[in-house]
Amino acid sequence: MEINEKLLKPYDPTNTEKRIYELWEKSGFFNPDNLPDERKDAFTIIMPPPNVTGVLHMGHALMITLEDIMIRYKRMSGFKTLWLPGTDHAAIATQSKVEKEIQKKEGLSRHDLGREEMLSRVRTFAQESHDTIVSQVKIMGASCDWSREAFTLDEKRNLAVNTIFKKMYDDGLIYRGNRIVNWDPKGQTTISDDEIVYQERMSKMYTFKYSKDFPIAISTTRPETKVGDVAVAVHPEDIRYKEFVGKEYDLEFCGVPIHIKIIADSAVEKDFGTGALGVTPAHSMTDWEIADRHNLLRPQVINEYAKMSVGGENLLGKKVTEAREIVAAWLREQNLLEKEEDVKQNIGTAERTGGIIEPLPKLQWFIDVNKPIPERENKTLKDLMREPFENSEIQIIPDYFSKTYFHWIENLRDWCISRQIWYGHRIPVWYKNEEIFVGIEKPDGDDWKQDEDTLDTWFSSGLWSFSTLGWPEKTKDLETYHPTDVLETGYEILFFWVARMVLMTKYALNEIPFKKVFLHGTVRDGQGRKMSKSLGNGIDPLDIAEKFGADAGRMALVVGTAPGTDSKVSEDKIKGYKNFANKIWNITRFVLDNVSEDNFENEVENELTKEFKKIIEDITADMENYRFHLASEKIYHFIWHRFADELIEESKEIIKAGGEKAEERKNTLVSIWKDCLKVLHPFMPFVTEEIWSILPIKDRNLLIIEKWPFDHAQDKPQ
RNA sequence: GCGCGAUUAGCUCAGUGGUAGAGCGACCCCUUGACGUGGGGUAGGCCGGGGGUUCAAUCCCCUCAUCGCGCACCA
C-alpha cells in the first residue's frame, strides 16, 4: 500500500497534538448534545476547578488525564458524556497572592488601594490566570465541554450561593454568633479549622503559681495569656485538689487584676503537667468550651494584631511574643516560677499566609452542623455528610479512605464561613439600624448596608456539582446529568471539598452529588519529594508536552499509579512513553506497508483474534472498575511485546511466503491493530487519533466516537 | 494519643489463597528493510521480623519493627 508521507518520519507529537485538538473541538463531540446516535445513559464528571492562582502543575495533569480517560472510555462505550470544566476563584489564596505581589512591587497594602481598586486588580490577575489554565487543560488533551464552562465566582454561581445562604439562614442552619474563631493576624481574617497547618516547634513550658497565696501551680507555654484567666480547672476525681474546688481568689498577675475560681471539669488531664489547667476562655478553644459549661466570663486580652490589649505600660500593646518574655521575667522575679522546660509543640499557622493563628472571640457567621433539619427527617448536616457513605450510596476508591472520612466527621465543629477579605462572594446580608435582611438581592429602600465580609471559598465550591448545572433553576442539564457519576480528585481535599459537596447537595437537592469518589495521590519527583517551587524540582506539564508530547506525559502519570497512592514521575519515565508513541507509529508503517486496502474490509476470526478479545475483555473489566493503572499497562504491554515483538516478527516470514495464510495474517494484523488503537485511545488520544486518520477506512468516524471494541453491555452490566 | 497506609528485583512500583511480575538500570549477543526511540538473551527476590488460620500464605488474621500520611491535641 502507498504509505502516507507523515509515516516516513518519526512521530512528531508537538505539531500533531495541537492540530488534533482543534479537530476535536471543531467536531463538537466534547458537547454531549452533539454526539451521534441515540444515547440514553448519561455519564457525568464535573471537573474539580483549578484555582486561578497561577498555572497548572503535575497534580492537575494527573487529574485531567484520569478524568479524560474515564470520559473518553464512556464516550466510546455509547454514553452521553458530559465533562464540565471550570475554575475556582479560591478567594483567600488568590487575594493573598495578588496582595503579596503588589506589596513587593509597589510597596502598597490592600488598604492603601481600597476595596474597589484591589478587587479590580485581583480580577485582572484571575482572568489572566484563567486563560492560561484553559490553554493548558487543552494542551493535555482534555475532551471537556467548553460551552458549559463555569467559574465559582460568576453570576450564575453567585445566584446559587445567595439562594442557598438564604435557605440555610431561614432554616436556622446559618447563624451569626460571637464565638472563638481561628484568627490569622497576618491575613487579618478568620480561617476554618481545615485551613490551619500545624508546624512542630520547640517552645518553653512554664510551671508556676499566679501568686504566693494561690494554692495550685499550673503549666503553660503561653504565660502572656494568663492575664486573661478566670479559672483553674482540675479533674473532678483528682484528690490532690478536691478541697479547693469552688474557692475563689482575687489576685494581681503581672500588674493585671484577675479573679480565679477553682472548678472541676473532666476535660482536664490529671496526668498532664500539674493536673491543673489555667482557663483562658478568650484565647483557647478548649478553654472556651470549659467556660461554656461553667458559665465563666471571657475577657479578651489579645487583639487582632496579636498584641496585648490589657495591662499597664509593661504589657499593653506589646506583641504576644514580647509579652511572653515579660511575664516570664516577672514570674522569676516574684519567685513564682517552679519549672521551665523545653517542649515540642505543634503550632497552628495559616495555610495561605503562614501567620500564627491566634484564637479570638469574634462576631462571625457559622454553619451549625448539629442542628436537626425538619425537612430532612430531623437529621443534622453531620448526618447528611455521613450517611451516603455508610449506606454505600457513595463509594470511595480506594475504600479505606472512608475511615479517614468518618473520623473527620466525628471531630467536626461548626463551620465558620465568613472571611474578612474582599475577593469572593459577599455575604448576602444587609443591615439598617437594628434591622437585618438576608436575601438573594439587596432589599428595596436606601440605607441598607451589605455585610463587609465574604464567604469561605469552600462554601461556593460545595455547590459545584449542581451550581454548574444551572441550579437554582430547574434546568434540563440538572435533570439529565445529576447526580454526577464520578468525582475525581486528590485525597488531600477529601475534607475540604468532598464532605462539603455532600453536605450542600444533600441539603439543597436531597440527592447525592456523585456516585463514586475516585481519589488520586500526590505526584512526586523521581526521588519521592513533593514538587515545590522552593526545591525547584517541579516538572511543568507544559514542558513535558512540548518535549515529549502530552500523550507520553499522560501515560507516565497513569501507568502503575494505583488509586490513592502517591506516584513518582521522572523525565526518564516520560521519555519511555514518547518512545512508545513512536513505536506505534512505526507499527502502523509496517502494517500499512504490508497490507492492502482490501484487508481493511475483511472480517477475520482465529486463535490470535480470540486471544486478543480476551485481553480486551480483561482491560474492559479494569476500565469498569477504575483500574486505569492496570488497563494502561496491559495495552502497552500487549502492543509492544506481543503485537510488535512477536506477531509482527513472525508475520514477516508468513507474508513473504504468500498464499492464503499470508492473506489471513494480513487481515488479522489489521483487525487487531484497529482495536489496539481504540483501546489505547483514552490513554494516548492524540497519536491514536492521528494514526486513525491515516488508516484506509471507509466512512470513517473520528476515533473519539468510535465504538469501544468490547460489548460489555451484555457481559457486565455496570 | 487516635486512625490510615506502606514494607516485593539495584531503583521506581504493580499484583494474586496454588511453583513470583513490569518499567528503568546492569551484563552478553544481534549494525536482519517498521522502528537503534530497535531486537534476542542473562543475572538478580527466604514478597520487613515473629506467630496463627489453611492441604497450601507474599496475599487472610494477630503481633512487633521501620517509614510515610491524616486527625486531635498537653493547657
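We name chains A, B, ... by the order of the sequence lines, and we start the count at 1 in each one.
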Go through RNA chain B and write down every stem, that is, every run of at least three consecutive Watson-Crick or G-U wobble pairs with distances under 3.5 Å, as range with range.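 The stems that RNA chain B takes part in, listed by first number, are B:1-7 with B:65-71, B:10-13 with B:21-24, B:26-30 with B:38-42, B:48-52 with B:60-64.
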
Taking only side-chain nitrogens and oxygens of [X], does any of them come within less than 4.0 Å of OP1 or OP2 of [N]?
X	N	result
A/K573	B/G23	no
A/W408	B/G3	no
A/H629	B/G15	yes
A/T221	B/A75	yes
A/K634	B/G23	no
A/S570	B/C11	no
A/K575	B/U37	no
A/H641	B/G23	yes

Check residues 550-564 of chain A and write down every donor-acceptor pair under 3.5 Å in which the side-chain atom is one partner and the other belongs to a residue at least two apart or another chain.
from	atom 1	to	atom 2	distance (Å)
A/D551	OD1	A/F686	N	3.2
A/D551	OD2	A/F686	N	3.4
A/D551	OD2	A/V687	N	2.7
A/R554	NE	A/F683	O	3.1
A/R554	NH1	A/D68	OD2	2.9
A/R554	NH1	A/M140	O	2.9
A/R554	NH2	A/D68	OD2	2.9
A/R554	NH2	A/P682	O	2.8
A/T561	OG1	A/L557	O	2.8

Consider the side chain of [X], meaning its heavy atoms from C-beta on, and name the nucleotide among [options] that approaches it most closely.
X	options	result
A/Y636	B/A34, B/A72, B/G23	B/G23
A/E633	B/U12, B/A14, B/A34	B/A14
A/N582	B/A75, B/A14, B/C35	B/C35
A/T220	B/A72, B/A75, B/C71	B/A75
A/W640	B/G38, B/A75, B/G5	B/G38

Starting at CG of A/N625 and ending at P of B/G15, how long is that distance when rounded to a whole Å?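 It is 13 Å, rounded to the nearest whole Å.
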
Gap between atoms CD1 and C1', on A/I639 and B/C35 respectively (whole Å):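 The distance from CD1 of A/I639 to C1' of B/C35 comes to 14 Å, rounded to the nearest Å.
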
Applying side chain to side chain donor-acceptor pair (under 3.5 Å), can you list everything that pairs with [X], at least two apart in sequence or on another chain?
X	value
A/T220	none
A/E340	A/R332
A/D271	none

By side chain to side chain contact (heavy atoms under 4.5 Å, CB included) - contacts of A/I218 (at least two apart):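 Per chain and number, A/I218 pairs via side chain to side chain contact (heavy atoms under 4.5 Å, CB included) with A/F208, A/Y210, A/K226, A/D229, A/V232, A/A276.
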
Could you tell me if the ring centre of A/Y577 sits under 6.0 Å from that of A/Y636?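 Ring centres of A/Y636 and A/Y577 closer than 6.0 Å.
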
Looking just at side-chain N and O atoms, do A/E289 and A/T286 make a donor-acceptor pair shorter than 3.5 Å?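 No donor-acceptor contact under 3.5 Å links the two side chains.
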
